[in-house]
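Shown next, in structure tokens, is the structure this report addresses.
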Amino acid sequence: MVRTNQAFLNYFEELYRNQKQEGSITVKSFSRDEKILIQDHPLSRLILIKEGIAKCYFTEENGKEFIVEFLGSGEILGEVELIKNINCLCGVQALSDLVVYETYIPYFKSLIREDLTLNHLLLDSFAERIVNTSSRASYQQLYTVEHTLIQLIDMQTKQGIKISKEDMAAYLGITVRSLNRILKDLK
């Protein structure tokens, strides 16, 4: 349930250690609940999560949120927007304290032009997202919401994070009221 990418993390750690121009990649911290990317706003930097967990969510026109994924170490943020030259598709918010690598768009664009390893990592990341999205869609069709909720609660315990009822409902695609009924039935 929490997506990670160790190969991408290793790549960015190496880039950070060996950067030729100081400040090309920086380390930045975000506190729990702090917004990292805002849906429909311009992208100003590319981010790779070093430590912690964030939620990637889409806000509908009616104001309701749908959580697309929980993202952990090695997950990259903003690459689709950079490649397509568009505003942020989704919002991203810290669920725990986060430490990230941050780089500005011109530097990352130069890496895309020059670094075959980065291109392979990006392709692998895109392919992994397609597989994960397909798997999640079929999983939600095959299993009950209760089953997925139990896994979500288990993930929360294992990761040592607190996921609000609103976020649980947004991830499951249900209302908080429905979530409360299911939680009551599970007890």
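Everything numeric in this text was worked out from a predicted model, so none of it was measured.
With ring centers used as reference points, Y101 lies under 6.0 Å from Y16. Residues Y171 and F66 keep their aromatic ring centres 6.0 Å or farther apart.
Side-chain contact between V2 and Q159 is present, with heavy atoms from C-beta onward closer than 4.5 Å. The shortest distance between side-chain heavy atoms of V99 and F30 does not fall below 4.5 Å. Within the 4.5 Å cutoff, the side chain of L149 has heavy atoms near those of the L183 side chain. With contacts defined as side-chain heavy-atom distances shorter than 4.5 Å, the pair L46/L77 does not qualify. Side chains of Y11 and I76 form no contact here, defined as non-hydrogen atoms less than 4.5 Å apart. Under the 4.5 Å side-chain criterion, counting only non-hydrogen atoms from C-beta, E65 is not in contact with E166. Between I112 and L122, the closest side-chain pair of non-hydrogen atoms falls below 4.5 Å. With contacts defined as side-chain heavy-atom distances shorter than 4.5 Å, the pair Q93/D33 qualifies.
Ring geometry for F8 versus F12: interplanar angle of 30 to 60°, hence tilted.
Within a 6.0 Å sphere centred on CZ of F126, other residues, nucleotides and ligands contribute more than 12 heavy atoms. The environment of R177 atom CZ is sparse: at most 12 non-hydrogen atoms of other residues, nucleotides or ligands sit within 6.0 angstrom. Within 6.0 Å of CG in N18 there are more than 12 heavy atoms belonging to other residues, nucleotides or ligands.
Here R129 pairs with E79 in a salt bridge; the nearest charged N to carboxylate O distance falls below 4.0 Å. The pair K158-D154 meets the salt-bridge criterion, with a side-chain N (NZ, NE, NH1 or NH2) lying under 4.0 Å from an Asp/Glu carboxylate O. Between E75 and R3 no salt bridge is recorded (no basic side-chain N to carboxylate O distance below 4.0 Å).
The hydrophobic clustering, which links ILVMFWY residues whose side-chain heavy atoms are closer than 4.5 Å, places L71 and L98 together. L179 and F70 end up in the same hydrophobic cluster when Ile, Leu, Val, Met, Phe, Trp and Tyr side chains are linked at under 4.5 Å. Criterion: ILVMFWY side-chain heavy atoms under 4.5 Å apart, direct or through other members. Under it, I47 and Y107 are part of a common hydrophobic cluster. L95 is connected to L172 through a chain of hydrophobic side-chain contacts under 4.5 Å among Ile, Leu, Val, Met, Phe, Trp and Tyr, so both are in one cluster.
T175 contributes a side-chain N or O that, together with a main-chain N or O of S178, makes up a donor-acceptor pair within less than 3.5 Å. Under the 3.5 Å distance criterion, the side-chain polar atoms of D97 are left unmatched by any main-chain donor or acceptor of S31. T157 places a side-chain N or O within donor-acceptor distance of the main-chain N or O of I153, the cut-off being under 3.5 Å. The closest donor-acceptor contact from the side chain of S96 to the backbone of I161 lies at 3.5 Å or more, if one exists at all. Using a distance-only test at 3.5 Å, with no hydrogens or angles considered, no donor-acceptor pair links the side chain of E81 to the main chain of I86.
For the pairing with L89, the side chain to side chain contact (heavy atoms under 4.5 Å, CB included) check across V68, V80, L37, L43 returns one residue only, V80.
Contact record, I36 with A54: CD1-CB, 4.4 Å, taken as the closest heavy-atom pair. Across all non-hydrogen atoms, the minimal contact from S73 to L9 is CB-CD2, 4.0 Å. Taking both residues in full, the closest heavy atoms of E102 and K28 are given as OE2-CD, 3.4 Å, listed atom of the first, atom of the second, then distance.
For the 3.5 Å distance criterion, the side chains of D167 and Y57 fail to qualify, holding no donor opposite an acceptor. In this structure, a donor-acceptor pair under 3.5 Å is absent between the side chains of S110 and R113.
Of the inter-residue distances, the one linking I53 atom CD1 with E69 atom CD reads 12.5 Å to the nearest 0.5 angstrom. The CD atom of E146 sits 4.5 Å away from atom CD1 of I182, with the distance rounded to the nearest 0.5 Å. Note that CG of L15 is 11.5 Å distant from CG of N10, once rounded to the nearest 0.5 Å. Within the model, atoms CG of L121 and CG of L116 stand 10.0 Å from one another, a figure rounded to the nearest 0.5 Å. To the nearest 0.5 angstrom, Q19 atom CD is 11.5 Å from E14 atom CD. A distance of 7.0 Å separates CD in E13 from CD in Q6, rounded to the nearest 0.5 Å.
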